[in-house]
Amino acid sequence: MPHRKTRYIVVTGGVLSGLGKGVVVSSIGRILSFLGYKVTGVKIDPYINMDAGTMRPTEHGEVFVTYDGGETDQDIGTYERFFAGRLSRTANITTGQVYDTVIRRERNLEYAGKCVEVIPHIPEEVRRRIYGAARANDADFVVIEIGGTVGDYQNVLFLEAARHMKITRNNVVFVHVVYLPVPNNIGEMKTKPAQHSVRQLMENGIQPDFLVARSSRPVDEIRKEKLSIFCNTPKGNVISAPDVESIYELPLIFLGQGFHTSLLKKFHASLRPLRSAEVASWKRLVRRIKTVKDEVTVGIIGKYFDIGDFTLEDSYVSVIEAVKHAAWHCGMRPVVRWIDSKAYEKSRARLSELDGCDAVIVPGGFGASGVEGKIMAITYAREKRIPYLGLCYGMQLAVVEYARHAAGLKGAHTTEIDPKTRHPVIDILPEQKELLAKSDYGATMRLGEYPARLAEGTLVRRLYGKPLVHERHRHRYEVNPDYIGRLEAAGLVFSGKSPDRTLMEFMEIPDHPYFIGTQAHPEFTSRPMRPNPLFFGLLQAAKSRRRSRR
Ligand code: GLN
């Protein structure tokens with residue numbers, strides 16, 4: 001059953017992929033939130049994978065982890081950062097999940113002897129999931145992003161589901177995001193591809209109520225007119241979305257065109273005033289983003305040798321955003337430097353390039369490649385007193401580094417890489433194995449939000465400003481409790497532990513400007529208005545290093 005009061009905005013994309021549809025959806029969510037509505041987001045991905053957990057980040061982008069342990073599309077992270085607070089794993093629907101449910105139900109005789117068919121049963125399950133997300137969030141509005149490009153074979157059934165929603169209820173509005181190219185040889189913005197993509201959408205029985213026109217520059221009145229006539233959409237509902245310096249600017253560009261009022265009108269909802277304090281602080285943020293001058297350089301160390309065409313930005317988007325949020329709040333302009341740790345394995349001398357970084361991050365990762373190079377970089381950051389933040393793998397490798405070089409545990413390693421290591425300082429814990437085997441996830445990973453108690457008097461405790469914190473996890477390995485005594489005796493401080501004290505969640509080195517590792521992924525909880533404390537601390541330390549280097 002659909003939720004009584006909820007209104008649905010279905011966003012499709014045309015012309016080309018990589019339009020920034022996720023940012024458009026997020027900005028729509030943001031402007032509706034500015035009106036005081038409860039808004040939630042749903043991302044539909046047309047692949048057979050049950051979730052993003054099994055997909056290669058270097059091809060598909062980051063795996064974003066929700067508080068309830070969902071391994072979701074990176075767009076869910078964008079929604080959370082812009083408007084959605086915390087989203088459940090149910091916010092990300094994939095073709096695989098939909099078919100899986102329908103087939104299981106068929107096996108359970110739940111279709112009572114009926115012939116189970118792609119139409120209507122697949123779109124019906126899609127709708128059921130969308131309505132479920134609306135109910136769970138008690139939402140006034142649900143913004144639904146249909147992944148892929150109109151005309152793709154894979155997303156037809158999702159368009160079909162959206163069309164059904166519209167014919168059964170009058171509370172669905174369609175927004176189509178198109179691209180207007182400005183070909184070099186013509187120097188003029190062209191609307192034809194957009195017209196064709198609207199025609200394609202209409203072949204699926206969907207007439208867009210709004211067009212969002214992405215382009216390198218703002219869309220002029222002449223072209224808005226043209227799009228309006230050829231795409232059968234009122235001119236006032238053609239919204240311009242030009243390239244922007246920062247994605248956080250787009251909600252303001254939408255407000256400037258009255259997109260929020262046009263949306264409400266389309267739903268026949270009564271107009272409401274914007275929450276001016278919220279809009280003002282968003283404006284302040286954007287102003288700050290555009291005016292901060294002092295640069296701060298953050299090196300992100302990974303294994304970036306097999307990157308092909310993909311952008312690093314996509315596979316580490318939450319880490320980058322967390323760095324940005326923190327930098328802006330410190331009044332700095334962040335510059336991210338990508339560092340391939342494999343280069344250090346070939347030439348130790350190259351480590352000196354880290355001197356040019358104001359802070360260093362080793363983000364999450366899996367597998368053996370580049371690991372020794374990462375450890376070399378961690379040694380360098382520790383000895384040269386460069387602010388360091390280790391995220392998950394970055395904490396595990398920092399523990400390995402400390403064990404080898406400061407605690408005298410020669411050959412220490414994580415059993416992920418060396419199952420026969422003399423000193424398995426990072427390992428899968430037996431009780432953890434049992435717990436994970438029993439859990440619903442089926443997988444062997446610790447996924448989702450877990451609490452940690454922070455020790456009084458530590459840097460981590462001071463940064464969070466409270467004794468109990470929750471961060472999100474995605475890993476199999478843990479610090480081996482058998483080594484805690486020896487590591488602590490050598491000066492390592494485990495500043496945050498699971499409430500039963502068995503899992504080491506945070507570590508730090510006291511005699512260092514900033515050296516923190518966490519088993520969690522704090523990047524997932526950073527927000528533009530509320531940077532994550534660990535990133536904020538890192539950037540503050542980076543800022544001081546910057547000043548002293550000058
Ligand atoms: N590979 C490590 C583990 O599975 C770390 C994972 C991560 O960084 N997310 O424990």
Side-chain angles (χ1 to χ4, degrees), residues 51-58 60-67 69-72 74 77 300-304 312 314-320 322 341 360-375 377-378 388-403 412-419 421 424-433 435-437 439 441-450 452 471-481 483 494 496 498 502-507 516-526 532 534-535:
D51 57 39
T54 53
M55 285 186 280
R56 198 171 293 123
T58 48
H60 181 75
E62 162 189 279
V63 177
F64 184 80
V65 181
T66 56
Y67 73 92
E71 297 177 279
T72 65
Q74 66 176 63
I300 301 184
I301 302 175
K303 43 162 186 179
Y304 308 132
L312 292 167
D314 269 358
S315 35
Y316 292 98
V317 57
S318 290
V319 176
I320 299 167
S341 60
V360 164
I361 293 176
V362 173
F366 294 84
S369 82
V371 156
E372 288 306 321
K374 288 183 195 176
I375 294 174
I378 296 170
Y388 174 79
L389 180 60
L391 307 169
C392 203
Y393 213 17
M395 157 165 166
Q396 296 175 354
L397 297 178
V399 169
V400 168
E401 192 282 323
Y402 204 82
H413 218 324
T414 160
T415 54
E416 175 174 357
I417 308 304
D418 181 4
T421 170
V425 288
I426 306 292
D427 197 5
I428 298 189
L429 310 187
E431 52 275 15
Q432 200 62 20
K433 263 187 210 158
L435 265 179
L436 289 167
S439 81
Y441 304 127
T444 52
M445 286 228 225
R446 180 146 78 104
L447 281 168
E449 193 176 88
Y450 282 84
E471 293 288 6
R472 302 180 195 173
H473 291 247
R474 180 173 186 252
H475 56 101
R476 291 191 179 82
Y477 295 82
E478 307 279 353
V479 176
N480 185 344
Y483 284 91
F494 289 104
S498 59
T502 56
L503 305 172
M504 301 301 110
E505 305 284 41
F506 295 89
M507 55 144 277
I516 288 181
T518 173
Q519 194 53 83
H521 287 281
E523 64 270 26
F524 295 140
T525 54
S526 178
N532 179 280
L534 298 189
F535 283 87

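Start at 1 and go down the list; that is how both ligands and their atoms are numbered. The first residue in the sequence is number 1, and the count goes up from there.
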| Nearest heavy atom to atom 9 (N) of ligand 1: which of Met395, His475, Glu416, Arg474 does it belong to? | Arg474
| query | Given side chains that start at C-beta, do those of Thr518 and Glu471 come closer than 4.5 Å, heavy atoms only? | reply | no
| query | Which bit of His521 gets closer than 4.0 Å to ligand 1, counting heavy atoms only: side chain, backbone, both or neither? | reply | side chain
| field | Closest protein heavy atom (residue, atom, distance) for atom 10 (O) of ligand 1 | value | Tyr477 N, 2.8 Å
| message | Among all the protein's non-hydrogen atoms, which is closest to atom 7 (C) of ligand 1, and how far away is it? | response | Cys392 SG, 3.1 Å
| query | Quick one: nearest non-hydrogen protein atom to atom 4 (O) of ligand 1, plus distance? | reply | Arg476 N, 3.0 Å
| message | Donor-acceptor pair, distance only, cut-off 3.5 Å: does the side chain of Gln396 make one with the backbone of Ile426? | response | no
| request: Could you grab the distance from atom CD of Glu449 to atom CZ of Arg472, nearest 0.5 Å is fine? | output: 6.5 Å
| request: Would you mind running through ligand 1 and noting each atom that sits below 4.0 Å from a heavy atom of Gly364? | output: 8 (O)
| request: For the pair Glu71 and Arg474, find out whether any cationic side-chain nitrogen is under 4.0 Å from an anionic carboxylate oxygen. | output: yes
| message | Side chains of Glu62 and Ser318: any donor to acceptor distance under 3.5 Å? | response | yes
| request: Write out the residue and atom name of the closest protein heavy atom to atom 6 (C) of ligand 1, then the distance separating them to 0.1 Å. | output: Gly365 O, 3.4 Å
| Are any of the side-chain nitrogens in Arg446 or Glu505 under 4.0 Å away from the carboxylate oxygens of its partner? | yes
